[in-house]
S.K.: 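Below: one structure in structure tokens.
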Number of protein chains: 2
Amino acid sequence: MTRDEIDARLREFESLCRARGLPLTVQRRAILTAVLERGDHPTADQVHAVVKKGIPGLSRTTVYRVLETLVGMGLIRQLHHPGASARYDGKIQRHHHLICTHCHAVIDVENSALDELNLSLTKKHGFEIHDYSVHFMGICAKCRQKSTKRQRD
Amino acid sequence: MTRDEIDARLREFESLCRARGLPLTVQRRAILTAVLERGDHPTADQVHAVVKKGIPGLSRTTVYRVLETLVGMGLIRQLHHPGASARYDGKIQRHHHLICTHCHAVIDVENSALDELNLSLTKKHGFEIHDYSVHFMGICAKCRQKSTKRQRD
DNA sequence: CTCCGTGCAAAAGGTTTGCACTGGT
DNA sequence: ACCAGTGCAAACCTTTTGCACGGAG
């Protein structure tokens with residue numbers, strides 16, 4: 001994510017705060033910036049570790065609370081898959097994920113062919129669909145190398 | 001899932017156990033049966049509650065361990081979405097999920113149009129894809145009714 | 001000045017682990 | 001008989017909550 005995109009998102013965040021009368025704290029701005037700056041999908045704890053460098057007193061609690069707030073504002077997304085703790089994703093436009101079932105890495109996939117699935121087909125359930133994403137489960141390149149070396153049983 | 005299908009899966013389970021020299025315990029059979037019998041996606045705790053009726057001494061620990069074993073054998077799947085605990089899915093053929101962001105319900109979607117996504121498009125990542133599924137996020141019918149009544153703010 | 005946000009500590013789940021015992025093969 | 005599975009209790013890790021203080025609007 002470029003500096004400009006991050007700045008744009010920060011401004012969006014500021015106006016959202018003002019619109020809702022929410023205080024614009026250092027912590028909130030730093031935590032949002034941290035998530036946006038990372039191309040990967042950090043856990044709350046990873047965010048905490050990064051932001052703590054700039055704000056030494058920062059507590060884990062605050063990170064959890066701010067991340068929740070940001071998710072509520074629609075500025076970031078929360079992900080969760082088996083065997084790992086929750087992760088946060090600053091990319092909010094439609095995209096998809098490769099999920100390594102070995103190391104739990106999450107890799108973004110952008111593919112316009114996957115972005116136009118026919119949603120009407122699922123309407124019969126009375127479900128109101130806000131968004132969707134495709135999860136690809138498998139083994140990432142790194143783990144593949146390791147396992148061929150080791151000759152997994 | 002019909003009785004016959006469940007029986008077939010149980011037999012598959014038995015031969016897998018024999019092939020690997022794993023003991024075929026009452027608990028394992030009961031836990032697998034319980035997951036297969038439910039059309040929904042029970043949590044470990046829900047499985048425990050159900051199976052405990054037949055095996056009063058059953059411990060939660062065993063449920064967790066057996067579910068993990070069954071996932072490892074490829075007989076069931078584990079799911080995990082934000083805000084909820086892990087859930088288990090006896091349906092292993094390709095299918096998709098509607099996930100209610102309000103009540104965390106998970107509803108199966110079977111739709112052949114979604115079952116033939118072009119996987120080659122993601123190969124550039126060096127990722128070995130074993131399977132995929134589409135996650136639709138939104139609000140289920142029940143929660144929609146509730147929120148219109150309540151006029152959510 | 002008034003609230004909401006923050007930090008700390010403690011609680012609350014959900015899940016995993018160590019150990020002795022039981023049960024399947 | 002042997003080895004893996006089970007049950008219990010305690011540990012663990014992530015996430016949430018209660019409360020007093022401090023900073024943003």
Side-chain angles (χ1 to χ4, degrees), chain A residues 10 13-32 34-35 41-49 51-73 75-76 78-88 104 153, chain B residues 10 13-35 41-49 51-73 75-76 78-88 104:
Chain A
L10 279 170
F13 162 65
E14 287 167 18
S15 47
L16 266 169
C17 281
R18 239 167 264 132
R20 306 190 186 192
L22 296 178
L24 237 148
T25 64
V26 195
Q27 288 89 339
R28 281 182 178 158
R29 201 192 304 263
I31 288 168
L32 175 55
V35 176
H41 308 77
T43 63
D45 215 54
Q46 290 173 321
V47 173
H48 178 246
V51 181
K52 206 182 172 79
K53 287 178 192 164
I55 310 174
L58 182 73
S59 94
R60 227 176 235 92
T61 311
T62 300
V63 175
Y64 279 108
R65 271 189 291 223
V66 170
L67 288 170
E68 188 193 352
T69 305
L70 296 174
V71 170
M73 294 169 109
L75 288 160
I76 62 174
Q78 195 187 33
L79 317 172
H80 217 183
H81 20 83
S85 33
R87 290 163 175 279
Y88 295 86
H104 301 120
D153 53 356
Chain B
L10 279 170
F13 161 64
E14 287 167 18
S15 47
L16 266 170
C17 282
R18 239 167 267 133
R20 305 191 186 192
L22 297 177
L24 238 149
T25 65
V26 196
Q27 289 89 339
R28 281 182 177 158
R29 202 192 303 262
I31 288 168
L32 175 55
T33 307
V35 176
H41 308 78
T43 62
D45 217 53
Q46 290 173 320
V47 173
H48 178 246
V51 181
K52 207 181 171 80
K53 288 177 193 165
I55 309 174
L58 182 72
S59 93
R60 230 176 232 88
T61 311
T62 299
V63 175
Y64 280 107
R65 272 189 292 223
V66 170
L67 288 170
E68 187 192 352
T69 304
L70 296 174
V71 170
M73 293 169 111
L75 288 160
I76 62 174
Q78 195 186 34
L79 318 171
H80 219 183
H81 313 287
S85 35
R87 291 165 175 278
Y88 295 86
H104 302 120

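Every chain is numbered from 1 and lettered A, B, ... according to where its sequence line falls, protein lines coming before strand lines.
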S.K.: In whole angstroms, how far is the P atom of C/dT25 from the CG atom of B/L16?
M.R.: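 Whole-Å distance recorded here is 14 Å.
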S.K.: Of the nucleotides C/dG24, C/dC4, C/dT6, which has the atom closest to the A/Q27 side chain?
M.R.: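 Closest nucleotide among those given: C/dT6.
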S.K.: Measure from CD on A/E68 to P on C/dG5 and round the result to the nearest Å.
M.R.: 11 Å
S.K.: Considering all heavy atoms of both residues, which atom of A/C17 and which atom of A/M73 are nearest to each other, and what is their separation?
M.R.: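 Minimum heavy-atom separation between A/C17 and A/M73: SG-CE, 3.8 Å.
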S.K.: Along DNA chain D, 5' to 3', what are the outermost nucleotides having an atom less than 4.0 Å from a heavy atom of chain B?
M.R.: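 Using the under 4.0 Å cut-off, the span is D/dA4 to D/dA9.
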S.K.: Specify the separation, in whole Å, of atom CG of B/D45 and atom C1' of C/dT15.
M.R.: 11 Å
S.K.: For B/L24 and B/R18, which heavy atoms make the closest approach, and how far apart are they?
M.R.: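 Closest approach of B/L24 to B/R18, heavy atoms only: CD1-NH2, 4.1 Å.
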S.K.: So what is the end-to-end bend of the helix from C/dC1-D/dG25 to C/dT25-D/dA1, with 5 pairs used at each end and the value given to 10 degrees?
M.R.: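 Both end axes considered, the difference amounts to 40°.
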S.K.: Please report the distance, rounded to the nearest Å, between NE2 in A/H80 and C1' in C/dG13.
M.R.: 12 Å
S.K.: For a quick check, tell me whether the side chain of B/R28 and the base of C/dG24 share a donor-acceptor pair closer than 3.5 Å.
M.R.: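 Not at all, since no donor on one side and acceptor on the other fall under 3.5 Å apart.
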S.K.: In this structure, how many angstroms lie between the P atom of C/dT25 and the CZ atom of B/R29, rounded?
M.R.: 8 Å
S.K.: Under the criterion side chain to side chain contact (heavy atoms under 4.5 Å, CB included), which of A/L67, A/I31, A/L79 is the partner of A/Y88?
M.R.: A/L67
S.K.: Tell me which residues in residues 57-64 of chain A put a heavy atom below 4.0 Å from DNA chain D, sorted by number, or none.
M.R.: A/T61, A/Y64
S.K.: Whole angstrom is fine here: how far is it from NE2 in B/H48 over to P in C/dG14?
M.R.: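 B/H48 atom NE2 is separated from C/dG14 atom P by 13 Å.
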S.K.: Taking B/R28 for the side chain and B/P23 for the main chain, is one N or O donor matched with an acceptor at less than 3.5 Å?
M.R.: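 Such a contact is found between B/R28 side chain and B/P23 backbone.
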S.K.: For A/A86, is there any backbone N or O sitting under 3.5 Å from a side-chain donor or acceptor partner on B/H80?
M.R.: no
